[in-house]
2 protein chains.
Amino acid sequence: MDEKNKSRQATLPPSLNERPTLKTIAFMTGLGITTVSRALKDASDIGAETKERVRLVAKQVGYQPNRAGVRLRTGKTNVISLVLSLEEEVMGLTSPIVVGISEILASTGYHLVITPYRFSKDALAPVRYVLDTGAADGVIISRTEPNDPRVALMMERNFPFATHGRTEMGLAHPYHDFDNEGFAYEAVRRLAELRRRRIVLLQPPQHLTFHRHMRKGFDRAVRDFGIEAVPFNSVDIDNSLVEIRAAFETLMSAPDAPDGIVSGSGAGSIAVIAGLEAVGKRLKHDVDMVSKVPSDFLSWLRPEVITMNEDIRHAGRELAKAVIARIAGTPAEELQSLSKAV
Amino acid sequence: MDEKNKSRQATLPPSLNERPTLKTIAFMTGLGITTVSRALKDASDIGAETKERVRLVAKQVGYQPNRAGVRLRTGKTNVISLVLSLEEEVMGLTSPIVVGISEILASTGYHLVITPYRFSKDALAPVRYVLDTGAADGVIISRTEPNDPRVALMMERNFPFATHGRTEMGLAHPYHDFDNEGFAYEAVRRLAELRRRRIVLLQPPQHLTFHRHMRKGFDRAVRDFGIEAVPFNSVDIDNSLVEIRAAFETLMSAPDAPDGIVSGSGAGSIAVIAGLEAVGKRLKHDVDMVSKVPSDFLSWLRPEVITMNEDIRHAGRELAKAVIARIAGTPAEELQSLSKAV
DNA sequence: CAAGGCTACTGTATCGTTACAGATTTTGCA
DNA sequence: TGCAAAATCTGTAACGATACAGTAGCCTTG
């Protein structure tokens, strides 16, 4: 039959009320598919008037590039993957970070994909998955360690990513971090100002980088203000609330109990308060407390606690901006930011 | 040159340490690409021994189907989209639902994509986007309304979805919902048991379906237990904490203030407590309160409040299971579930 | 006015997969 | 033995996009 009479690529009228493709626009404008493709990306070898016409028709029919097509041909996924531990689900830091990232991605072509992992020891698996399958153009990770194998892997493969938290590997990569050192220093300073003399720190787990930062700020302030740091390693902010409460019940009922507490986590603070109140101590009277918090719920219910807010949503925004810029080629050194308590 | 001597599809040895494709396996096994493809999907026209061989090699080389290829050819995205309001970010219900969904999707081939929208009036936009671009195989939405245009649209297009919350459109669709009627009824019952007689309800906004459920349970209990329901419509759980506190300050300082409170939201309860305490009332003495909560933080800080837990993570799991089953063809009627406070 | 260069456009091949329509060999049975 | 049916396997085309290598026409320029 009449199958060979094509001088154009696009000969058959693409049926309406199907999703428009380049072919649709090519047919409507009488141009070649290639021309339409290049016109839409504003290539230099397409006439100005043609571009205008193509853009108009594209808009008219509501053209949106088929992501699978682009991805297959170019390898670009237009996806940012947020790697999440299903366990760090204590007091939901996830919400605000997801919201922050979404806010930024909304005005770009990127989609946000959640890539979960179940146990801390599997933290590398999701990253490997993304790298091996090319599931995303960039990755955001959290719970960063000083010597983080995920960072090493992605750097080695030259894969764009940003970390919530810093590393200590001598490698420059995009990150956003809260100034935990500043937080701890300031926290101790405030307690010192309130004439507290024996201060304890509920700190992050040892293996996370920000443990060091917080510790550093705490220790420095302790020296600067002549405070006695109460040794305390039985629990950290990753322990369950029940464990934290138990530990603080013990600690606070000892004869040499601390009179000041710095808590590195809002959720942890709840358990701390429960613990100290269980042994009859009262905030502001027997003990003062400064807590880092992700939202202001604690100050509503226990205004006696001094809170310093870590804006996780802002962190999400910064991280999203950083990965995208990294993908676009911005040097990692320019994509590192720190934020203070607000 | 020697370019036409192919009796096989796969002639050129696919370079190693590139991502393996069907071609790689075809080359290694000496089979055709089609055969490999069909062998891996256990098609009936492939020999048992061949299938075994193909599976072995596939596993050996770590073959994972290229999603873009599959998606382009079949239209199947292997993506579930969670449609999220960037505003419902009060007290993060997002975290647990994301975690719950992820838990289920982890053992399937599905990825989770977050599709956000900014303002309530744009709620339809993300759904339309997914439908128009084929961005996902299924959608999960929340903040369901009795007559929900999103539901209408997806039903009309016969697109798989599940809703967090029910509708009242006479259409059967998959949903998971918390038994808000049961919650409110039980809440009032408990307050009645504590000899409270004038009870107020901090309810969801009128336009959401579960407003009706909660209201219904509340009103029925009020009748059953001979309680006086205190009229209160100045704020709902979608108002800011500051607004809620202000409203409750006013309410609780009135001469005929309620002596019992039912709160439909954990975050809202915080503001309620702040409000009543600001005017000198005390929980358990002047007033009792029952609150629906998504986590147990409230009972740690205000054990005087009676809490009833809504397991959002479980809801996420149920919703994920429901969409997937719907995609697989299970009738909507079999994918509807309700859960009670735990 | 020929040669070269520029502008504007286009066809072909390809990414990885699967639907479809064969093709080849083996088996079953009269 | 002959031949249809069954059992296996395979090539081609297509999904939608883009990289690449053109082509055609027109304008300079010496």
Side-chain angles (χ1 to χ4, degrees), chain A residues 3-12 14-15 18-27 29-54 58 61 63-78 109 133-135, chain B residues 3-12 14-15 18-27 29-54 58 61 63-78 109 133-135:
Chain A
E3 280 208 12
K4 286 275 162 62
N5 61 352
K6 39 181 72 169
S7 68
R8 279 264 130 82
Q9 275 177 293
T11 306
L12 316 131
S15 110
E18 289 217 339
R19 185 167 173 212
T21 67
L22 290 179
K23 198 166 163 184
T24 315
I25 302 175
F27 177 79
T29 54
L31 295 164
I33 294 178
T34 303
T35 310
V36 173
S37 171
R38 297 189 53 68
L40 287 174
K41 21 182 66 58
D42 202 21
S44 63
D45 64 347
I46 305 293
E49 194 235 2
T50 302
K51 282 182 193 170
E52 206 42 61
R53 215 154 51 88
V54 168
V61 299
Y63 171 73
Q64 299 202 245
N66 181 306
R67 302 188 133 234
V70 175
R71 181 163 169 177
L72 183 58
R73 181 65 238 243
T74 66
K76 173 130 220 236
T77 62
N78 285 297
T133 64
Chain B
E3 280 209 12
K4 285 276 163 60
N5 62 353
K6 38 181 72 168
S7 67
R8 278 264 130 83
Q9 274 175 295
T11 307
L12 317 131
S15 110
E18 290 218 338
R19 184 167 175 212
T21 67
L22 291 178
K23 198 166 164 183
T24 316
I25 302 175
F27 177 79
T29 54
L31 295 163
I33 294 178
T34 303
T35 310
V36 174
S37 171
R38 299 189 51 68
L40 287 174
K41 18 184 68 57
D42 202 20
S44 63
D45 64 347
I46 306 292
E49 194 237 2
T50 301
K51 283 182 190 168
E52 205 43 60
R53 215 154 50 88
V54 168
V61 300
Y63 170 74
Q64 299 201 246
N66 181 306
R67 301 187 134 233
V70 174
R71 181 164 169 178
L72 182 57
R73 181 64 239 243
T74 65
K76 174 130 219 233
T77 62
N78 285 297
T133 64

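Each chain gets a letter, A, B and so on, in the order its sequence line appears, and its residues count up from 1. Remember, it's a predicted structure, so these values are computed and weren't measured experimentally.
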How many whole angstroms separate atom [atom1] of [X] from atom [atom2] of [N]?
X	N	atom1	atom2	answer
A:K23	C:dT10	NZ	P	16 Å
A:N78	D:dA17	CG	P	13 Å
B:E49	D:dA7	CD	C1'	14 Å
B:R38	D:dT10	CZ	C1'	11 Å
A:I33	C:dT12	CD1	C1'	11 Å
A:L22	C:dT10	CG	P	13 Å
A:R71	D:dT18	CZ	P	15 Å
A:I46	D:dA24	CD1	P	17 Å

Pick base, sugar-phosphate or nothing for B:T35, based on heavy-atom distances below 4.0 Å to the nucleic acid.
base

Over all strands shown, is A:D45 touching base, sugar-phosphate only, or nothing at heavy-atom distances under 4.0 angstrom?
base

Can you say whether a donor on the side chain of A:T21 sits under 3.5 Å from an acceptor on the base of D:dG16, or the other way round?
no

So does A:R73 reach the base of D:dT18 with its side chain, donor to acceptor, closer than 3.5 Å?
yes

Report the residue (A:A48 or A:T74) whose heavy-atom-nearest nucleotide on DNA chain C is the more 5′ of the two.
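Here A:A48 is the residue nearer the 5' end.
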
Over all atoms of both residues, closest heavy-atom pair of B:L40 and B:A58:
CD2-CB, 3.9 Å

Could you report the tightest heavy-atom contact between A:A68 and B:R71, atom names first, then the distance?
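Residues A:A68 and B:R71, closest heavy atoms: CB-CG, 3.6 Å.
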
Taking the side chain as C-beta and beyond, is there a heavy-atom pair between B:N66 and B:T21 under 4.5 Å?
no

Does B:R38 reach the side chain of B:D45, with side-chain heavy atoms less than 4.5 Å apart?
yes

When you measure from the side chain of B:R19 to the backbone of B:Q64, do you find a donor-acceptor pair of N or O atoms at a distance under 3.5 Å?
yes

Nucleotide of [options] approaching [X] most closely (side-chain heavy atoms):
X	options	value
A:P65	C:dT10, D:dA17, D:dC9	D:dA17
A:L72	C:dG16, C:dT10, C:dT18	C:dG16
B:T34	D:dG11, D:dT18, C:dC9	D:dG11

Would one find a side-chain N or O of B:T50 under 4.0 angstrom from OP1 or OP2 of D:dC9?
yes

